[in-house]
Amino acid sequence: MITIKEITSKGDLTTFVKFPFYLYKDSPYYVPSIIKEEVDVMDPKKNPVFKNAEAKYFLAYKNDKIVGRIAAIVNWIEVNEQKKPKVRFGWFDVIDDIEVTKALLQKVADFGKQHSLEYMEGPVGFSNMDKAGILIKGFDELNTMITWYNYPYYGDHMEQLGFEPAATWVEYKIKVPKETKEKVIKFAEVIKKRYQLSLLKFKKSKEILKYADDMFDLLNKTYSSLQTFVPIQQYQIDMYKKKYLPYLNPDYITCIADNKGKLIAFAIVMPSFSKALKKMNGKIYPLRFLHILRAQRRNDTAAFYLIGVDPEYQNKGVTALIFKEMNETFIRNGIETVETNPELEENKAVQALWNGYEHDLHKKRRTFRKSI
């Protein structure tokens, strides 16, 4: 018999967060999240997103054993301002039992009906800055710090239950050239002079904070036309600055300003933390965090997380300047491979950036939608 229990205590929330550790304990590709960070994200007292969102969390039991989890989420900015009558679901993990999946998703549907919403979609987080999508390709690849991992049957469950594909993301693995091409160097210099641009480089992570708000403003401008976009709120920006600053290596951050010092483009790349997080196994106490510090300094793989370009400067070659700087950073730090973050399949402009490099579409993930 399947029983669904709503989370009502912090202890239960920790149990909710830890379920994937059990489910994927034998998987060499699952990269665990930091337990404390995950609990804080889902705690209304810790995460300011709850100013404009609400959520319920559910655990599925079968024979007194936890066999699945799911979060039901309403983002009120999305519902009220963007007029999308959608209930989101996320943090979805389940054993290979279609009845368990069905029972969990029914709780999401019920939550949506309580708020007079019309359809459900997921897996996604509270906003477009959170993890999203069921993995449908790349099951034999480590997930990154900002993606979920899942077994192949997840997508099958969705299709069997009548869900339709919603959004699809692609991820690329890019081989770093051993030297920056001369034509890239020359073109970058031409663009720099033509538009009177300057590079901003940093020695300490704290120096980046001065430009953090401008970066998120550029993200809002860059991606506002995409189907999954929800404007990033200031309280979210403040949270992300605090959450991700410890992971930033300033040498990997590239910012470009105009002749008045205004930020017009940026790229955030980090050394890959997948192997480090796997060693940490959800814990972050000091000795475990040494794995992160080592990964920041000794690594042959990097993860390309964010890029933003002011619409006024898009299609003007500014990305050539960014890529030149990044490639030189990779060579300097011994990086041989770069993984991109998930990019919407429809976002051809971003995918075109990799055409000049040896690359492989090695992962694909998808959200699913169904009327309620």
Side-chain angles (χ1 to χ4, degrees), residues 1-27 29-33 35 37-44 53-74 86-115 117 119-126 130-136 139 143 147-164 166 281-282 365-372:
M1 180 178 176
I2 299 168
T3 303
I4 306 298
K5 175 183 176 181
E6 182 181 345
I7 297 302
T8 57
S9 69
K10 190 168 184 177
D12 285 342
L13 190 57
T14 300
T15 301
F16 178 95
V17 168
K18 287 183 175 181
F19 173 65
F21 288 74
Y22 156 76
L23 184 63
Y24 302 110
K25 67 180 185 299
D26 296 323
S27 171
Y29 308 112
Y30 168 68
V31 174
S33 300
I35 293 170
E37 289 183 356
E38 286 285 275
V39 171
D40 287 350
V41 163
M42 288 179 272
D43 186 345
E54 58 181 286
K56 286 189 176 183
Y57 312 110
F58 301 94
L59 284 170
Y61 290 80
K62 188 174 183 179
N63 300 324
D64 297 322
K65 184 178 179 181
I66 298 175
V67 290
R69 69 170 189 171
I70 202 164
I73 303 164
V74 178
K86 174 172 77 179
V87 58
R88 296 166 164 243
F89 67 89
W91 286 273
F92 169 64
D93 287 289
V94 67
I95 65 169
D96 191 4
D97 185 329
I98 190 70
E99 294 303 320
V100 177
T101 298
K102 183 178 180 180
L104 285 168
L105 288 168
Q106 185 58 51
K107 288 296 182 180
V108 178
D110 292 343
F111 187 57
K113 289 176 182 177
Q114 290 171 16
H115 294 292
L117 301 176
Y119 67 95
M120 56 197 293
E121 185 178 332
V124 291
F126 293 101
D130 294 319
K131 299 175 183 180
I134 284 175
L135 193 67
I136 58 173
F139 302 106
N143 63 290
T147 59
W148 283 312
Y149 181 80
N150 60 263
Y151 290 129
Y153 57 79
Y154 280 45
D156 296 336
H157 283 198
M158 291 294 161
E159 292 175 2
Q160 290 177 47
L161 292 172
F163 281 75
E164 297 180 349
N281 199 33
R365 59 188 71 244
R366 177 172 292 152
T367 54
F368 292 83
R369 170 177 170 162
K370 186 178 182 181
S371 297
I372 59 174

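Index from 1, following the sequence. Computed from a predicted structure; not experimentally measured.
Checked against side-chain contact (heavy atoms from CB on, under 4.5 Å), Glu54 has the following partners two or more places apart in sequence or in another chain: Val74, Trp76, Phe111, His115. Checked against side chain to side chain donor-acceptor pair (under 3.5 Å), Lys62 has the following partners two or more places apart in sequence or in another chain: Asp97. The ring pair (Phe, Tyr, Trp, His ring centres under 6.0 Å) check on Tyr24 picks up Tyr30, Tyr149, Tyr151, with sequence neighbours excluded. With sequence neighbours left out, the side-chain contact (heavy atoms from CB on, under 4.5 Å) criterion links Ala132 to Val124, Trp169. Residues that satisfy the ring pair (Phe, Tyr, Trp, His ring centres under 6.0 Å) test with Phe89, not counting sequence neighbours, are absent from this structure. Lys5 meets the salt bridge (Lys or Arg N to Asp or Glu O under 4.0 Å) test with Asp12; sequence neighbours excluded. Among residues two or more places apart in sequence or in another chain, the salt bridge (Lys or Arg N to Asp or Glu O under 4.0 Å) test is passed with Asp110 by none. Under the salt bridge (Lys or Arg N to Asp or Glu O under 4.0 Å) criterion, Lys113 pairs with no residue, sequence neighbours left out. In this structure, the ring pair (Phe, Tyr, Trp, His ring centres under 6.0 Å) partners of Trp148, at least two apart in sequence or on a different chain, are Trp91. Every residue meeting the side chain to side chain donor-acceptor pair (under 3.5 Å) condition with Glu37, not counting sequence neighbours, appears here in chain and number order: Tyr247. Taking the side-chain contact (heavy atoms from CB on, under 4.5 Å) definition, one finds that Tyr119 meets it with Lys84, Pro85, Lys86, Glu121, Arg369, sequence neighbours left out. Residues satisfying the salt bridge (Lys or Arg N to Asp or Glu O under 4.0 Å) test with Arg69, not counting sequence neighbours, are Asp93.
One finds the CG atom of Leu105 at 9.5 Å from the CD1 atom of Ile4 (value rounded to the nearest 0.5 Å). The structure places CD1 of Ile136 at 8.5 Å from CD of Glu159, a figure rounded to the nearest 0.5 Å. A distance of 7.5 Å separates OG1 in Thr101 from OH in Tyr153, rounded to the nearest 0.5 Å. Gln160 CD to Lys102 NZ: the interatomic distance, rounded to the nearest 0.5 Å, is 11.0 Å. Atom CG of Leu59 and atom CG of Leu13 lie 9.0 Å apart (nearest 0.5 Å). Once rounded to the nearest 0.5 Å, the distance linking CZ of Phe92 with CG of Asn150 reads 8.5 Å.
Of all the heavy atoms in Leu117 and Ile372, the pair that sits closest is O-CD1, 3.5 Å. Of all the heavy atoms in Pro152 and Asp156, the pair that sits closest is O-OD2, 3.9 Å. Annotation for Ala72 and Phe58: closest pair CB-CE1, 4.2 Å, computed over non-hydrogen atoms. In plain terms, the two heavy atoms of Glu38 and Ser33 that are nearest each other are CG-CB, 3.4 Å. When all heavy atoms of Ile73 and Ala55 are compared, the closest pair comes out as CG1-CB, 4.0 Å. Smallest separation of non-hydrogen atoms from Leu104 and Ala60: CD2-CB, 3.8 Å.
Residues Ile134 and Phe368 have side chains in contact (heavy-atom distance under 4.5 Å, counting atoms from C-beta outward).
Using modelled atom types, one side-chain atom of Arg88 and one backbone atom of Gly125 make a donor-acceptor pair closer than 3.5 Å. In terms of modelled atom types and a separation under 3.5 Å, the side chain of Lys370 and the main chain of Leu161 share a donor-acceptor contact.
Atom OH of Tyr22 has 12 or fewer heavy atoms from other residues, nucleotides or ligands within 6.0 Å. By the 6.0 Å contact criterion, NZ on Lys65 is open, its count of non-hydrogen atoms from other residues, nucleotides or ligands being 12 or less. Within 6.0 Å of NZ in Lys18 there are 12 or fewer heavy atoms belonging to other residues, nucleotides or ligands. More than 12 non-hydrogen atoms from other residues, nucleotides or ligands lie less than 6.0 angstrom from CD of Glu6.
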Please step through side chain to side chain contact (heavy atoms under 4.5 Å, CB included) for the pair Asp96 and His157, ending with a clear verdict. CA-CA 8 Å; Asp96 191 4; His157 283 198; 2.9 Å; yes
